[in-house]
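Here's the structure we're looking at; comments come further down.
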Amino acid sequence: MARNVISTDVALVGAGIMSATLGTLIRKLEPSWSVTVFEALDAAAAESSDPWNNAGTGHSALCELNYTPQAADGSVDISKAITINEQFQVSRQFWSYAVDAGVLDDPSDFINPIPHASFVHGADNVEYLRKRYDALSGQTLFEGMEFFTDPATFSERLPIMAAGRNFGDPVAVNWYEGGTDVDFGSLTKKLINYVGKGGAVHFGTKVTNLKRTTDGWRLTIKNLRTHEVSYVDARFVFVGAGGGALPLLQKSGIKEAKGFGGFPVSGQFFRCSNPELIDHHAAKVYGKAAVGAPPMSVPHLDTRVIEGNKGLLFGPYAGFSPKFLKAGQYTDLPLSVKPNNLLPMMAVGLKEMGLTKYLIGELMQSPADRVKTLSEFVPRAEGQDWELITAGQRVQVIRKGPGGGNLEFGTAVIAADDESIAGLLGASPGASTAVPAMLDVLSKCFPKHMQAWKPLLQEMIPSYGTTLNDNKQLFTQVWDWTDRTLQLAPGVGADAQG
């Protein structure tokens with residue numbers, strides 16, 4: 001019999017935005033359940049939820065062109081953009097409820113208004129962006145989007161992108177004034193604090209193994225400071241450990257995790273160190289990925305508000321490391337290869353030669369090459385104004401499929417059929433859709449409770465069970481409420497009141 005065994009109703013592995021969101025939902029839905037969080041690092045949100053480790057924030061498909069691909073016939077497919085925007089609206093409603101309920105305090109600590117823009121140049125791309133605008137602007141979720149091509153408006157809205165630009169090369173912009181920037185590090189810490197008030201949060205504590213018991217799971221826990229090993233019995237386990245989720249789900253032995261693999265990609269960004277440039281840019285501006293480059297490579301010049309300070313990032317510049325976490329091990333990738341996922345991983349390796357070529361090209365870039373890439377957005381860019389920083393690791397999902405396996409660039413919820421364990425794999429759009437992702441976990445793992453929970457879920461998320469894009473009246477009500485509560489509307493918030 002193992003010594004040092006404690007029990008909990010819910011064990012959350014990892015103190016990132018996913019566990020923080022699920023823990024908060026469960027605390028509200030079932031206050032009597034005990035919730036325990038285990039985090040290997042010494043702080044919440046220290047991996048992919050950290051604001052300097054995640055590439056884009058406030059993903060709502062307003063500006064990300066990889067969510068609106070152009071078909072061979074020239075038409076633009078907006079279905080994914082609508083889905084992701086719907087998901088972000090769910091998150092936005094939940095955060096507003098959390099503010100109203102006192103779970104979250106000052107909204108400006110974690111969310112701030114910032115326009116979202118899509119930018120292209122060249123005649124063919126301008127025509128594509130016009131078609132994108134025509135397809136999206138009539139949708140309820142995208143009403144208010146603008147399209148402009150004239151240099152005067154471009155220069156007014158995006159002065160550092162206009163300075164020194166040759167407008168003989170035509171430009172076009174889709175502009176949405178009502179976008180946001182989200183500091184998921186701050187948001188995660190606030191939610192984890194709330195979860196901890198009614199449960200327990202253990203930092204410097206790593207879950208090294210999971211074994212099935214008669215009524216749940218026994219977790220092997222290692223204190224990374226004292227090296228003491230203890231055990232936790234949990235009725236339900238959620239593995240929200242970012243890149244560390246796949247190895248733990250593999251150790252669980254659940255059949256649903258078989259066949260899954262992971263491909264790690266690291267990222268680097270230019271962080272602006274020139275206050276004048278930072279002050280003269282106020283938008284999240286996304287461009288088009290280079291021909292043959294993967295969706296995760298979409299370049300963007302991104303205004304951020306982190307710990308109350310405005311910043312400016314450009315990237316990403318992709319890199320490669322076999323680590324699954326920034327604080328991981330170089331053996332993470334080789335040790336994740338199992339007999340059940342060997343074929344899918346080999347198939348992806350053969351099919352994704354373009355990705356391999358892209359990564360090699362990125363790794364071989366010189367500092368001057370990186371500045372040249374930046375100059376497409378900021379024509380007068382100078383290397384001395386920008387410092388290269390390393391962002392977090394992204395582990396893209398490899399799944400069994402046609403041809404042996406496929407590389408996916410989204411997220412995937414894996415849940416055991418006995419409803420006792422679930423985990424989240426993948427990256428983008430990630431944090432911005434944390435609330436719908438965790439609602440998916442609840443529906444898969446607690447189906448018998450969903451009917452009883454429905455009234456409270458609808459209080460938290462008024463659009464729960466419906467689609468806002470098909471209900472303009474409800475969308476307007478929800479938008480006005482969240483704008484007011486999150487202090488995003490003009491004239492709302494501490495600055496406006498002061």
Side-chain angles (χ1 to χ4, degrees), residues 6 8-54 57-58 91-112 180-207 221 223-225 232 234 236-242 305-309 327 392 424 430-432 434-435 437-439 441-442 456 460-461 482 485-487 493-494:
I6 64 170
T8 186
D9 292 314
V10 176
L12 305 175
V13 184
I17 186 61
M18 297 299 171
S19 291
T21 300
L22 183 60
T24 302
L25 282 165
I26 289 174
R27 271 213 60 204
K28 279 293 179 183
L29 294 168
E30 291 291 344
S32 64
W33 290 5
S34 55
V35 180
T36 309
V37 183
F38 301 97
E39 170 56 55
L41 300 179
D42 292 327
E47 273 282 351
S48 292
S49 299
D50 180 274
W52 293 117
N53 282 346
N54 50 52
T57 55
S91 293
R92 189 171 147 135
Q93 290 170 73
F94 178 70
W95 300 334
S96 299
Y97 163 82
V99 170
D100 286 342
V103 173
L104 297 171
D105 52 14
D106 187 357
S108 67
D109 287 347
F110 67 90
I111 190 167
N112 285 277
T180 54
D181 173 70
V182 184
D183 179 345
F184 282 102
S186 176
L187 176 60
T188 299
K189 289 171 185 174
K190 290 173 182 285
L191 294 176
I192 286 289
N193 284 340
Y194 173 76
V195 173
K197 287 175 184 176
V201 181
H202 300 279
F203 293 109
T205 307
K206 185 174 184 178
V207 177
I221 312 293
N223 185 311
L224 299 181
R225 301 184 189 94
V232 174
F236 173 74
V237 177
F238 173 70
V239 185
V305 182
I306 297 173
E307 296 180 351
N309 298 312
L424 188 83
S432 297
V435 178
M438 294 306 96
L439 290 174
V441 169
L442 291 177
L456 184 50
M460 295 175 177
I461 303 153
T482 55
T485 302
L486 297 176
Q487 300 178 0

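If you're wondering where the values come from, they're calculated on a predicted model, not measured in any experiment. Below, all heavy atoms of this structure are taken into account, side chains as well, without hydrogens, waters or symmetry copies.
Side-chain contact between F238 and V441 is present, with heavy atoms from C-beta onward closer than 4.5 Å. Two residues are said to be in side-chain contact when any heavy atoms from C-beta on lie closer than 4.5 Å; W95 and V103 fail this criterion. Taking 4.5 Å as the limit, every side-chain heavy atom of V201 sits out of range of all side-chain heavy atoms of N193. In this structure, T8 and V35 have side chains that are not in contact, with every pair of non-hydrogen atoms separated by 4.5 Å or more. Between K28 and M460 the shortest side-chain heavy-atom distance falls below 4.5 Å. Counting heavy atoms from C-beta on, the side chains of S91 and Q93 never come closer than 4.5 Å. Between F110 and L486, some side-chain heavy-atom pair lies under the 4.5 Å cut-off. In this structure, the side chains of V195 and V37 come closer than 4.5 Å at one or more pairs of heavy atoms.
At least one donor-acceptor pair closer than 3.5 Å links the side chain of S19 to the backbone N or O of G14. Without hydrogens or angle criteria, S96 side chain to R92 main chain gives a donor-acceptor distance under 3.5 Å. At distances below 3.5 Å, not a single donor-acceptor pair connects side-chain atoms of T188 with backbone N or O atoms of S186. Although no hydrogens or angles enter the test, the distance criterion places no donor-acceptor pair under 3.5 Å between the side chain of S49 and the main chain of G185. No donor-acceptor distance shorter than 3.5 angstrom exists from the side chain of T205 to the backbone of A40, with no hydrogens or angles considered. No donor-acceptor pair closer than 3.5 Å links the side chain of D183 to the backbone N or O of I306. A donor-acceptor pair under 3.5 Å is formed between the side chain of D9 and the backbone N or O of S34. Remark: the backbone N or O of F203 is not paired with any side-chain donor or acceptor of E39 at under 3.5 angstrom.
Ring geometry for F38 against H202 counts as parallel: the plane angle stays under 30°, on a 0 to 90° scale with 60° as the upper cut.
Annotation: the span from F184 atom CZ to T21 atom OG1 amounts to 8.5 Å, rounded to 0.5 Å. Considering CG of D50 and CD1 of I17, their distance stands at 12.5 Å, rounded to 0.5 Å. Here CD1 of I6 is found 5.5 Å from OG1 of T36. Values are rounded to the nearest 0.5 Å. If you take CG on L104 and NZ on K190, they are separated by 7.0 Å, rounding to the nearest 0.5 Å. Rounded to the nearest 0.5 angstrom, M18 CE and L424 CG are separated by 5.0 Å. Between atom NZ of residue K206 and atom CG of residue L41 there is a gap of 9.5 Å, rounded to the nearest 0.5 Å.
Taking every heavy atom of both residues into account, R27 and G198 meet most closely at NH1-N, 3.4 Å. Looking at every heavy atom in both residues, G23 comes nearest to L12 through CA-CD1, 3.7 Å.
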Report the C-alpha distance between L22 and L442 in whole Å, list the side-chain angles of each, state the deciding distance to 0.1 Å, and finish with yes or no for side-chain contact (heavy atoms from CB on, under 4.5 Å).
-> CA-CA 8 Å; L22 183 60; L442 291 177; 3.8 Å; yes
Please assess I461 against L439 for the test side-chain contact (heavy atoms from CB on, under 4.5 Å), listing each intermediate value before the final yes or no.
-> CA-CA 11 Å; I461 303 153; L439 290 174; 3.8 Å; yes
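Ion pairing between a basic and an acidic side chain is recognised when a charged N comes within 4.0 Å of a carboxylate O; D42 and R225 show such pairing.
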